[in-house]
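Scope of the values below: all heavy atoms of this structure, side chains included, with no hydrogens, waters or symmetry mates.
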Amino acid sequence: MKLGLTTALASFLLLAGCGTSESGGSGSSEDGKKTYKVGITQIVEHPSLDAATKGFKKALEDKGLNVEFNEQNAQNDQNNSQSIANNFVGDNVDLIFANSTPSALSSLNATKDIPIVFTSVTDPVAGGLVKSMEEPGGNITGTTDTHPDAIPNTVKFIADNFEGKRIGMIYNSGEQNSVAQVELVEKATKGTDLKVVKSSVSTSAEVKQAAESLVGKVDFFYIITDNTVVSALESVIGVASDKDIPLFVGELDSVKRGGFAAYGFDYNDIGYEAGEMAAKILTGEAKVNELPVQYPQNLKLEINKKAAEDMGIEIKEEWKKDAEIIE
């Protein structure tokens, strides 16, 4: 990517301000153990992605590795994401941890040599990151944030328990991650009376207006793991609560923030699993192209009791048998 002098300087100053580094130096530590340089690139700050990064770092710590982290956040800007990846290549890091689909794509665009481990990627095959889940090929692998049963279970829960038929989905059509999930939701509604009503946004500032525009047109909101929308989830929660529209979400952190319900898992876990993969690569125990992409484990239904009250939903006794009810 070619940048003018002014743009390059601006990007440098931005990246210097939005990233953090841990540890100092590389090579060998005081105890004689090798120190690995790992670049962490995350597309935007929100609780799920933050938890995944925390889990990744914890896994490397638990493996006893000395790691110098260079942690950068792109502030939901693809140009920043690409600059971060390019800088990691220039720094000759030992491995890149890419947290999100845009971050992984930027990293793969920047290097075909440095190992890349991703997480929080919905469809790594459709996204062009890997050849297949079993044999990723190239210099990239990782963990996906899509459990095969999560979206079908959510759609079935709506169809079986609610009278409404129209599912409102707000998403960024520029995120392959999101487009893939919307298509999965549409596929899951086949054979039911449910219909998907879509509204696309390009920035988090547009999310509230998009939610308001769907009032009267939809019976539910279903916010998938779209980085743009989840970073502004409170805007949708406010509309859903004011208008008594059940808000289904794509991950458990969004339930804790005020979504009504989700079939999900802990993002810390998929970050941790990615960290375990990275440890194998760094220590030479395995090559990056030998490690299959991993699905998340331990899918569960979680319901937010207060959100249900705010959205005019009565929690049925039978839900309590299968769901974890949080206050």
Side-chain angles (χ1 to χ4, degrees), residues 41-55 73-78 80-81 98-105 118-123 127 143-147 150-151 154 167-185 196 198-212 214 218 220-241 245-271 296 299 302-304 307 311 326:
T41 175
Q42 182 174 315
I43 189 63
V44 70
E45 292 181 30
H46 67 64
S48 294
L49 296 185
D50 295 346
T53 292
K54 183 177 180 180
N73 191 295
Q75 307 299 337
N76 210 23
D77 186 310
Q78 190 60 49
N80 291 345
S81 180
N99 191 357
S100 75
T101 300
S103 301
L105 286 170
F118 60 74
T119 198
S120 311
V121 170
T122 297
D123 192 337
T143 58
T144 173
D145 65 355
T146 295
H147 191 290
I151 286 176
T154 301
I167 303 175
M169 300 193 71
I170 306 169
Y171 70 106
N172 184 343
S173 60
E175 288 192 29
Q176 177 59 40
N177 167 66
S178 304
V179 174
Q181 290 182 82
V182 171
E183 291 174 352
L184 287 172
V185 174
V196 174
K198 296 179 283 188
S199 180
S200 179
V201 298
S202 56
T203 69
S204 57
E206 300 172 3
V207 172
K208 183 177 181 180
Q209 182 178 356
E212 291 172 339
L214 290 175
V218 302
F220 319 98
F221 287 123
Y222 186 6
I223 302 303
I224 46 162
T225 58
D226 180 290
N227 294 307
T228 302
V229 182
V230 172
S231 66
L233 185 65
E234 282 69 23
S235 297
V236 186
I237 292 170
V239 174
S241 299
I245 301 174
L247 169 58
F248 293 86
V249 288
E251 12 105 52
L252 302 185
D253 285 309
S254 291
V255 177
K256 293 177 177 62
R257 289 168 68 185
F260 161 58
Y263 279 92
F265 47 87
D266 193 332
Y267 268 68
N268 184 85
D269 292 344
I270 60 171
L299 186 70
E302 194 168 274
I303 292 174
N304 185 319
M311 297 169 195
I326 67 170

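Note: Thr41 OG1 to Asn73 CG = 8.0 Å, rounded to the nearest 0.5 Å. Rounding to the nearest 0.5 angstrom, the gap separating the OG atom in Ser178 from the CD1 atom in Ile170 is 12.0 Å. To the nearest 0.5 angstrom, Ile223 atom CD1 is 9.0 Å from Ser254 atom OG. Atoms CG and CG, on Leu247 and Leu233 in that order, are 6.0 Å from each other to the nearest 0.5 Å. Between the CG atom in Asp253 and the CG atom in Asp266 there is a gap of 7.0 Å [rounded to 0.5 Å]. Annotation: the span from Leu214 atom CG to Gln209 atom CD amounts to 11.0 Å, rounded to 0.5 Å.
The two atoms that bring Leu299 and Tyr263 nearest to each other are CD1-C, 3.7 Å, heavy atoms only. Taking both residues in full, the closest heavy atoms of Asn99 and Ser120 are given as OD1-OG, 2.7 Å, listed atom of the first, atom of the second, then distance. In terms of heavy-atom proximity, Gln176 sits nearest to Gly127 at CG-CA, 3.8 Å. The two atoms that bring Val201 and Ala210 nearest to each other are CG1-CB, 3.6 Å, heavy atoms only. The nearest pair of heavy atoms linking Ala307 to Gly258 is CB-O, 3.3 Å. The shortest heavy-atom contact between Asn227 and Pro102 is ND2-CD, 4.2 Å.
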Test ring-ring contact (aromatic ring centres under 6.0 Å, His included) applied to Tyr222 and Phe220, step by step: CA-CA 6 Å; Tyr222 186 6; Phe220 319 98; over 10 Å; no

Audit row: Phe260, Phe248, ring-ring contact (aromatic ring centres under 6.0 Å, His included) steps and yes/no: CA-CA 6 Å; Phe260 161 58; Phe248 293 86; 5.3 Å; yes

Residue pair Glu175, Thr101: steps toward the side chain to side chain donor-acceptor pair (under 3.5 Å) verdict: CA-CA 8 Å; Glu175 288 192 29; Thr101 300; over 6 Å; no

Check against side chain to side chain contact (heavy atoms under 4.5 Å, CB included), His46 and Val44: CA-CA 6 Å; His46 67 64; Val44 70; 3.8 Å; yes

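Side-chain contact check for Tyr267 versus Thr225: some heavy-atom pair is nearer than 4.5 Å. Proximity of Ile303 to Val255: side-chain heavy atoms (C-beta onward) are nowhere separated by under 4.5 Å. Taking the side chain as every heavy atom from C-beta outward, Phe221 and Val239 approach each other to under 4.5 Å. Within the 4.5 Å cutoff, the side chain of Ser100 has no heavy atoms near those of the Val121 side chain. Counting heavy atoms from C-beta outward, Leu49 and Ile43 have side chains that approach closer than 4.5 Å. Inter-residue side-chain proximity for Thr144 and Asp123 is flagged as unmet; no heavy-atom pair is nearer than 4.5 Å. With contacts defined as side-chain heavy-atom distances shorter than 4.5 Å, the pair Met169/Gln181 does not qualify.
A side-chain donor from one of Thr119 and Thr143 sits under 3.5 Å from a side-chain acceptor of the other.
Lys198 NZ: 12 or fewer foreign heavy atoms inside a 6.0 Å radius.
Although no hydrogens or angles enter the test, the distance criterion places no donor-acceptor pair under 3.5 Å between the side chain of Ser81 and the main chain of Asp77. A donor-acceptor pair under 3.5 Å is formed between the side chain of Asp226 and the backbone N or O of Asn172. No donor-acceptor pair closer than 3.5 Å links the side chain of Thr53 to the backbone N or O of Asp50.
Remark: Ser173 engages Tyr171, Ser200 in a side chain to side chain contact (heavy atoms under 4.5 Å, CB included) (not counting sequence neighbours). Every residue meeting the salt bridge (charged side-chain N to carboxylate O under 4.0 Å, His left out) condition with Glu234, not counting sequence neighbours, appears here in chain and number order: Arg257.
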